[in-house]
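When reading the values below, keep in mind they use all heavy atoms of this one structure, side chains included, and skip hydrogens, waters and symmetry mates. Keep in mind that this is a model prediction, so the values were computed, not measured.
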Amino acid sequence: MIRILLADDHALVRRGVRLILDGEPDLEVIGEAADGAEALALAAADPPDLAVLDIAMPRMTGLQAARELSRSRPGLRILILTMYDNEQFFFEALRVGAAGYVLKSAADRDLVEACHAAMRDEPFLYPGAETALVREYLERARTGADIPGRAVTERKEEVLKLVAEGHSTREIAELLHISVKTVERHRSNILTKLGLKDRQELTRYAIRAGLIEP
């Protein structure tokens, strides 16, 4: 059972989202918060597996809460739930450690899939987000901004691609016929070399570098 913390400042929205989540046999909402600060307190008192956070909340936004939760509870998966189809919010959500960005208008279609993707440690991109990634890439190319090329060795690039595609450390070791410790060392070196913090940032880099499709 995946234990979920839900945070949104509108009780009616929380009720609707809870109905979607609790309707799944492997999902259970264990706590509801009306703002980011309350979400932090609930997560500390009864740690969930997954936090679903609205962006626009009083006291502490969902993005601020996501940043704090990522720091204090690295194993916690986070999804951002919002009415805003906004590129800036989308990229900021990835930056603060969210595994996905789900539009409220499509929650009945996308939210359950996003929850399962997050628990598999895979990023969830709603269809418009893929367009945003391509648009940003093209804008960077048009303005002459730096577009990453090969900044790591071929072996590290292989590891980077497999990590971005969502393979586990053990799966990567088996695919590349190297040890688990070697994979972990490559991944650590890649993050340091490229100045990245987590899988979400690594995935964005892989898309920009043409290693995976958005």
| message | Apply side chain to side chain contact (heavy atoms under 4.5 Å, CB included) to residues Ile78 and Ser70 and explain how you reach the verdict. | response | CA-CA 8 Å; Ile78 300 170; Ser70 294; 3.6 Å; yes
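- Remark: the backbone N or O of Val29 is paired with a side-chain donor or acceptor of Asp22 at under 3.5 angstrom.
- In this structure, CZ on Arg18 lies 13.5 Å from CG on Asp8, to the nearest 0.5 angstrom.
- Side chain of Glu171 to main chain of His167: no donor-acceptor pair is present (N/O by atom type, distance under 3.5 Å, no hydrogens or angles).
- Contact record, Ile80 with Ala66: CD1-CB, 4.4 Å, taken as the closest heavy-atom pair.
- Looking at Glu184 and Arg187, no side-chain N of the basic residue comes within less than 4.0 Å of a carboxylate O on the acidic one, giving no salt bridge.
- There is no path of hydrophobic side-chain contacts, each under 4.5 Å, that joins Leu79 to Leu19.
- Without hydrogens or angle criteria, Arg73 side chain to Arg71 main chain gives no donor-acceptor distance under 3.5 Å.
- Arg185 is linked by a side-chain contact (heavy atoms from CB on, under 4.5 Å) to Thr182, Asn189, counting only residues two or more places apart in sequence or in another chain.
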| field | Criterion side chain to side chain contact (heavy atoms under 4.5 Å, CB included) on Glu122 and His116, from CA distance to verdict | value | CA-CA 9 Å; Glu122 298 173 359; His116 290 142; over 6 Å; no
| task | Apply the test side chain to side chain contact (heavy atoms under 4.5 Å, CB included) to residues Leu160 and Leu194: give CA-CA distance (whole Å), side-chain angles for both, the deciding distance (0.1 Å), then the verdict. | result | CA-CA 11 Å; Leu160 189 158; Leu194 300 178; 3.6 Å; yes
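- Of all non-hydrogen atoms in Ala93 and Leu63, the two that sit nearest each other are CA-CD2, 3.6 Å.
- Contact check for Glu24 versus Ile2: no side-chain heavy atoms found under the 4.5 Å cut-off.
- For the side-chain hydrogen bond (donor to acceptor under 3.5 Å, both in side chains) test, no residue two or more places apart in sequence or in another chain qualifies with Arg170.
- Separation of atoms CG (Leu191) and CG (Leu196) is listed at 6.0 Å; rounding is to 0.5 Å.
- Across all their heavy atoms, Val180 and Ala173 have their closest contact at N-CB, 3.9 Å.
- In this structure, the side chains of Asp110 and Leu103 stay at 4.5 Å or more apart for every pair of heavy atoms.
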| query | Can you list the steps and then say if Val163 with Ile172 is a side chain to side chain contact (heavy atoms under 4.5 Å, CB included)? | reply | CA-CA 8 Å; Val163 171; Ile172 295 172; 3.5 Å; yes
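- For the atom pair NZ of Lys181 and OG1 of Thr169, the computed distance is 13.5 Å after rounding to the nearest 0.5 Å.
- Ile30 and Val112 end up in different hydrophobic clusters when Ile, Leu, Val, Met, Phe, Trp and Tyr side chains are linked at under 4.5 Å.
- To the nearest 0.5 Å, the span separating CG on Leu40 from CD on Gln64 amounts to 10.0 Å.
- Checked for salt-bridge contact, Glu201 and Arg204 miss the test: no charged N lies under 4.0 Å from a carboxylate O.
- Atoms CG and CZ, from Leu69 and Arg67 in turn, are 11.0 Å apart once rounded to the nearest 0.5 Å.
- Under the 4.5 Å side-chain contact rule for hydrophobic residues, Leu6 and Phe124 share a cluster.
- When all heavy atoms of Ala33 and Ala39 are compared, the closest pair comes out as CB-N, 3.5 Å.
- In summary, Asp54 and Lys104 engage in a salt bridge, as defined by a charged side-chain N under 4.0 Å from a carboxylate O.
- Distance check, rounded to the nearest 0.5 Å: OG1 of Thr203 to CG of Asp198 gives 8.5 Å.
- Between the side chain of Arg77 and the backbone N or O of Cys115, no donor-acceptor pair lies under 3.5 Å.
- Nearest approach of Leu76 to Ala51, heavy atoms of both residues: CD1-N, 4.0 Å.
- A heavy-atom distance below 4.5 Å is not found between the side chains of Leu27 and Leu50.
- At distances below 3.5 Å, at least one donor-acceptor pair connects side-chain atoms of Asp49 with backbone N or O atoms of Arg3.
- Between Lys197 and Arg95 the shortest side-chain heavy-atom distance falls below 4.5 Å.
- Leu111 and Leu5 end up in different hydrophobic clusters when Ile, Leu, Val, Met, Phe, Trp and Tyr side chains are linked at under 4.5 Å.
- Looking at every heavy atom in both residues, Lys156 comes nearest to Ile190 through O-CD1, 3.1 Å.
- Val17 is listed as a side-chain neighbour of Leu81, based on a closest heavy-atom distance under 4.5 Å.
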